[in-house]
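The next block holds one structure in the form of structure tokens; read it before the comments.
In what follows, chains carry the letters A, B, and so on, assigned in the order in which the sequence lines appear, proteins first and then strands, with residues in each chain numbered from 1.
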There are 2 protein chains.
Amino acid sequence: MNRDKQPKRTTIYDLAELAGTSASAVSAVLNGNWKKRRIGSQLAEKITRLAEEQGYAVNMQASLLRREKSKIIGMIVPKYDNRYFGSIVETFENMARQRGLFPIVTCTRRDPELEIEAAREMLSYQVEWVVSTGATDPDRVTDLCAASGVRSLNLDLPGSKAPSVISDNFAGARELTRRVLLNHERKLGHKSPLLFIGGRGSDHNTSERVKGFLAAHAEMEITVHQHHILTCGYAPEKADDALSALAQAEGSVPMGMFVNSTISLEGVMGWIRRSGHYSTIAPTLGCFDWDPFVALLCDDIQMVRQDVPAMLSSVFDIIDNGAKTTSLIEIPPVFVTSP
Amino acid sequence: MNRDKQPKRTTIYDLAELAGTSASAVSAVLNGNWKKRRIGSQLAEKITRLAEEQGYAVNMQASLLRREKSKIIGMIVPKYDNRYFGSIVETFENMARQRGLFPIVTCTRRDPELEIEAAREMLSYQVEWVVSTGATDPDRVTDLCAASGVRSLNLDLPGSKAPSVISDNFAGARELTRRVLLNHERKLGHKSPLLFIGGRGSDHNTSERVKGFLAAHAEMEITVHQHHILTCGYAPEKADDALSALAQAEGSVPMGMFVNSTISLEGVMGWIRRSGHYSTIAPTLGCFDWDPFVALLCDDIQMVRQDVPAMLSSVFDIIDNGAKTTSLIEIPPVFVTSP
DNA sequence: CTTTCTTGCTCAATCGATGGAGCAACAATT
DNA sequence: AATTGTTGCTCCATCGATTGAGCAAGAAAG
């Protein structure tokens, strides 16, 4: 039925000609306000039918140029290589669509330059909001957006210039540490400190988690060695290298660890397996993040799952209803295994 | 320096006024063809400086409306909940950016209606290409795109109306099955067939993998029971339920399995753990897909990793150089563990 | 001193959709 | 018969960037 060779896409002008009417009538019908524009229902039906037949799709570029609001919402995200960010993106897309917004997501691989580049590109597309997820330098993104009058907010890692929604890292880490310490004591028959590994010492989440880690130790009157806080970065190899170096330096191997993310856990598990030091007794582990296979396959591990649905509800609540730029919303994470 | 309250974004007209020149001069300078347009270098510098100062960002909607090419490339993807699709998206974004294309990715949760909806939305944004990844009904997407003169291609699951890039499912599955069967024989002391679980019987990949699975059995002269091919769908619960039902019906439990994806593997592992039937001897497993934690934590498993970089190189080769609409490119997957 | 080039810019149409303003035609009211 | 209202449209400016065409001023050539 349709023209097979369509060198150009169908426009409202094409439809207007086919229907023997004007472009504005077509426009009015196709975006649903034909009653307000007093278009007759017969003409409306005819236009709708023709649009269907011709496979018409509105040219958003033209439409958005004319409109005042773009209804585009952008998100930058560090990686797609773990369940946490994966579920953030999936939930974000769903909730945006539910609100009639068009989500644009881009992955910036923890590279501050790429973050800025991506934000700039989103501004060009006239986004109405930018959500910076786990951004290395969220305030720079906020500044850039503010200069164009675009609102932004931070997710996962907080900034100081836009509202931020994050996990309650301190409380989560303290509780996680407490549980792992109890496990550990049960296993060893005596109290013993854990090793903290993964994350960047400079980022807010890691430093809060370290505080929670230390607080839990203090509450149980266990002393932690300063050099057992290894905030070596997020990449698996970094955790692996840090553990090798530590084992080398100390001549012994940690028996209990607080691992700061699943991505660091990959490195930790790789090292555990290769090191050969754990054949008689498995280490007691805790991980600030969740992965289904780890939950299924690993016995001596406690995990917390960051509450992605609650976090994104909070994000969209701010988008729908506003919030003070300085507000910091902390969402309690969920404990996956029983205490 | 900048105006703090910027009710509207800066346009080339604002810059033209500030520079005491015309909008076309500004446009020429800012998109780099000012030499062709014979704009003096002093004026060019002045405009560049002003644009910087004002935090100018081009309005893509306006720019794209005027241009002939949008440089936008769309991808639809089923889920972000596994490493395979995660790495597809990440690689896709990188390679698109390298070519100066703007990637738009959207997740359609294996829902055919959402796939079409998303494709339609992408067409509105004037995408030049649509890549359908793991689409339930790729030909419908292709038809929709073709009606607007937009090229498309299929990734992961093939279609008949656009070029398709997929894994070599038959060869991969045959080799995987062969390895698992050898493992299994070594362990049991005698030959024994495997169970096939996961995926949709109606999809091309699953049916090719079943063929490879059967071929490997045939080569080793092992008989497979027809009702041991459980193509129950991809969701973890489905695999779990199918195994429960089978165990119930047969009064016994499979000791070797070919699992069709990591997402099905989640269900399989959950069932294995809960069933209590594997306390004395662990099942021998193979998985057509890869996950780092499974590789690290599970001993008796063989995995194949689909070659995402090669697949996407192929995709962009088609985008850069074209291909016949009927072409089907099969990329050999990579074996992660040694045979 | 005229003609021809070159340089450095500006003008105005254009892309497709939108919506305020306005214009016929007819109906209803005074 | 004249006024007012209603219905069903169309006209046209507009959004911001791009680009072919063209115009002045000065330099070079004849």
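In terms of polar N and O atoms assigned as donor or acceptor, the side chain of B:Arg9 never comes within less than 3.5 Å of the base of D:dG16 in a complementary pairing. One cannot find a donor-acceptor pair under 3.5 Å joining the base of D:dT18 and the side-chain atoms of B:Arg67. Residue-to-nucleotide contacts include a donor-acceptor pair under 3.5 Å from the side chain of A:Ser24 to the base of D:dC11.
Remark: A:Ser22 is in phosphate contact with D:dT10, judged by side-chain N or O atoms under 4.0 Å from OP1 or OP2.
For B:Arg120, the CZ atom sits in a loose shell: 12 or fewer heavy atoms of surrounding residues, nucleotides or ligands are nearer than 6.0 Å. Other residues, nucleotides and ligands contribute more than 12 heavy atoms inside 6.0 Å of the CZ atom of B:Arg97. Within 6.0 Å of atom CD in A:Glu117, 12 or fewer heavy atoms from other residues, nucleotides or ligands are found, so the atom counts as exposed in its surroundings.
Within the 4.5 Å cutoff, side-chain heavy atoms of B:Tyr84 are placed close to those of B:Asp156.
Within the nucleic acid shown, B:Leu43 comes within 4.0 Å of sugar-phosphate atoms alone, with no base atom in reach, counting heavy atoms only. Note on B:Ser27: a base of the nucleic acid sits closer than 4.0 angstrom, heavy atoms only.
Distance CG (B:Leu30) to P (D:dG16): 15 Å, rounded to an integer number of Å. Atom C1' of nucleotide C:dT14 and atom CG of A:Leu65 are separated by 12 Å, given to the nearest angstrom.
The 5' end of DNA chain C is approached more closely, in terms of each residue's nearest nucleotide, by B:Ala44 than by the other of B:Arg66 and B:Ala44. Annotation: of the two residues near DNA chain D, B:Glu68 and B:Gln61, the 5′-most nearest-nucleotide partner is B:Gln61.
Nearest nucleotide to the A:Ile39 side chain, out of D:dG16, D:dT10, D:dC23: D:dT10. Comparing atom distances between the A:Ala62 side chain and each of D:dT18, D:dT7, C:dG16 picks out C:dG16 as nearest.
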